[in-house]
Amino acid sequence: MSEMSEKTETTSDARRRILNIAVSTVLLETGFDAADKVSLETLTEMLQCFFAEVGNSAKGFCELSGRVEPVLGDVVMALINMGISLQGIEQYAARPNRHVIQPPQQAPAPRT
Amino acid sequence: MQMSRIGSPSVGMDDDGCAGHALGDFLLQLENYNPSIPDSVVAYYLNLTGFESQDPRLVRLIALASQKFLSDIVNDALQHCKMRTSNQINQSSKNQKGPKEKKYVMTMDDLAPALQEYGITAKKPHYFV
């Protein structure tokens, strides 16, 4: 049991670490030189909550219209419903000095 | 009266159509685009909530939107930080002269007012280590 919980913690840790790197990347791009642990952790938690909220909301809109797989409209509705502005997203996507985080390596399945 | 009532939604629909087209075009561009956050990580968190899409472009759109959201907040926090430090430097330069190199450090003091503008109340936990 304890092994199990430890395992789930380490697997979610890998994604969480990448979110941490993503937040740090955004901070560096914006012009911060450093951040304290509390604010970094707050932003990481917010990013994770953002994904959870968009996913939940988009799924809700999708199922409300009787579909199984979400389409663009569902995601846009979810984002707008959350009050996220999509105004300058194309300019943001094309911004210079963009940094792409390497996707995590797939761990080999443990053999018993 | 009747005319205007019929007229106004169609105007709204037109606007939606334009925005939809623009976003649709943007979605096509996302085909060959890599956001900073890897697809697999975003997809994992989306799958946790039951959102399962075969289209990686939707995942990329969400990743990009989240990053922009974060970037907007952090930019606000940076402005707060700059204002705060410039006040401090003005005060300290009266006492001791000499140029001090500026290093911007994000703290909860900057982040909390920036988040407040977005309607998010963040309080510094007292016993967080």
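We name chains A, B, ... by the order of the sequence lines, and we start the count at 1 in each one.
Interface remark: L43(A) contributes backbone and side-chain atoms alike to the contact with chain B (heavy atom separation under 4.5 Å). For F50(A), the part sitting under 4.5 Å from any heavy atom of chain B is the side chain, from C-beta outward, and nothing else. Q67(B) touches chain A through backbone and side chain together, each having a heavy atom under 4.5 Å away. The contact between Q29(B) and chain A is made entirely by side chain atoms (from C-beta outward), counting heavy-atom distances below 4.5 Å. Within the 4.5 angstrom heavy-atom criterion, atoms from both the backbone and the side chain of T30(A) approach chain B. For S40(B), the part lying under 4.5 angstrom from a heavy atom of chain A is the side chain only. Contact annotation for L86(A): only side-chain heavy atoms (C-beta onward) come within less than 4.5 Å of a heavy atom of chain B. Within the 4.5 angstrom heavy-atom criterion, only side-chain atoms of L27(B), from C-beta onward, approach chain A. Of the atoms belonging to A112(B), not a single heavy atom falls under 4.5 Å from chain A.
A distance of 8.5 Å separates NZ of K68(B) from OH of Y92(A), quoted to the nearest 0.5 Å. The CD1 atom of I73(B) sits 11.0 Å away from atom OG1 of T42(A), with the distance rounded to the nearest 0.5 Å. In this structure, OG on S66(B) lies 13.5 Å from CD on E53(A), to the nearest 0.5 angstrom.
Without hydrogens or angle criteria, E90(A) side chain to F26(B) main chain gives no donor-acceptor distance under 3.5 Å. Of the possible polar contacts, none joining the Y44(B) side chain to the R15(A) backbone as a donor-acceptor pair under 3.5 Å is found. Judged purely by atom type and a 3.5 angstrom limit, D33(A) uses its side chain to pair as donor or acceptor with the backbone of Y104(B). Remark: the backbone N or O of H99(A) is paired with a side-chain donor or acceptor of S36(B) at under 3.5 angstrom. Formation of a donor-acceptor pair under 3.5 Å by the R98(A) side chain with backbone atoms of N34(B) is found in this model.
When the candidates N75(B), D55(B), I62(B), L30(B) are compared by the number of heavy-atom contacts under 4.5 Å with chain A, I62(B) comes out ahead. Counting heavy-atom pairs closer than 4.5 Å to chain B, the top residue among G73(A), A58(A), G60(A), G88(A) is G88(A). For chain B, the option among P104(A), A93(A), G31(A) with the highest count of heavy-atom pairs below 4.5 Å is A93(A). Of the listed residues (L40(A), V71(A), I21(A)), the greatest number of heavy-atom pairs within a distance under 4.5 Å of chain B belongs to V71(A). Ranked by non-hydrogen atom pairs under 4.5 Å with chain A, the options L111(B), I37(B), L115(B), L78(B) are led by L78(B).
When hydrophobic clusters are built by joining Ile, Leu, Val, Met, Phe, Trp and Tyr residues whose side-chain heavy atoms come closer than 4.5 Å, directly or via intermediates, F61(A) is not grouped with V76(A). A single hydrophobic cluster is not seen to contain both V41(B) and V100(A); linkage of ILVMFWY side chains at heavy-atom distances under 4.5 Å, directly or through other members, places them apart. Tracing side-chain contacts under 4.5 Å through hydrophobic residues (I, L, V, M, F, W, Y), one reaches L27(A) starting from Y118(B); they form part of the same cluster. No single ILVMFWY cluster, assembled from side-chain heavy atoms under 4.5 Å apart, contains both M77(A) and M82(A). There is a path of hydrophobic side-chain contacts, each under 4.5 Å, that joins I89(A) to V59(B).
Contact between L58(B) and L72(A) at its shortest, heavy atoms only, is CD2-CA, 3.6 Å. Residues A65(B) and I84(A) come closest through the heavy atom pair O-CG2, 4.5 Å. Taking both residues in full, the closest heavy atoms of F51(A) and L46(B) are given as O-CD2, 3.4 Å, listed atom of the first, atom of the second, then distance. Shortest non-hydrogen contact noted between P70(A) and E52(B) is CD-O, 3.4 Å. Nearest heavy-atom pair, I18(A) versus P38(B), reported as atom, atom and distance to 0.1 Å: CG2-CD, 3.7 Å. Across all non-hydrogen atoms, the minimal contact from S39(A) to M106(B) is OG-O, 3.5 Å.
Heavy-atom contacts from other residues, nucleotides or ligands closer than 6.0 Å to CE of M46(A) number more than 12.
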Determine, stepwise, if the pair L47(A) / Y45(B) fulfils side-chain contact (heavy atoms from CB on, under 4.5 Å). CA-CA 10 Å; L47(A) 191 59; Y45(B) 283 111; over 6 Å; no

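Two residues are said to be in side-chain contact when any heavy atoms from C-beta on lie closer than 4.5 Å; F51(B) and V54(A) fail this criterion.
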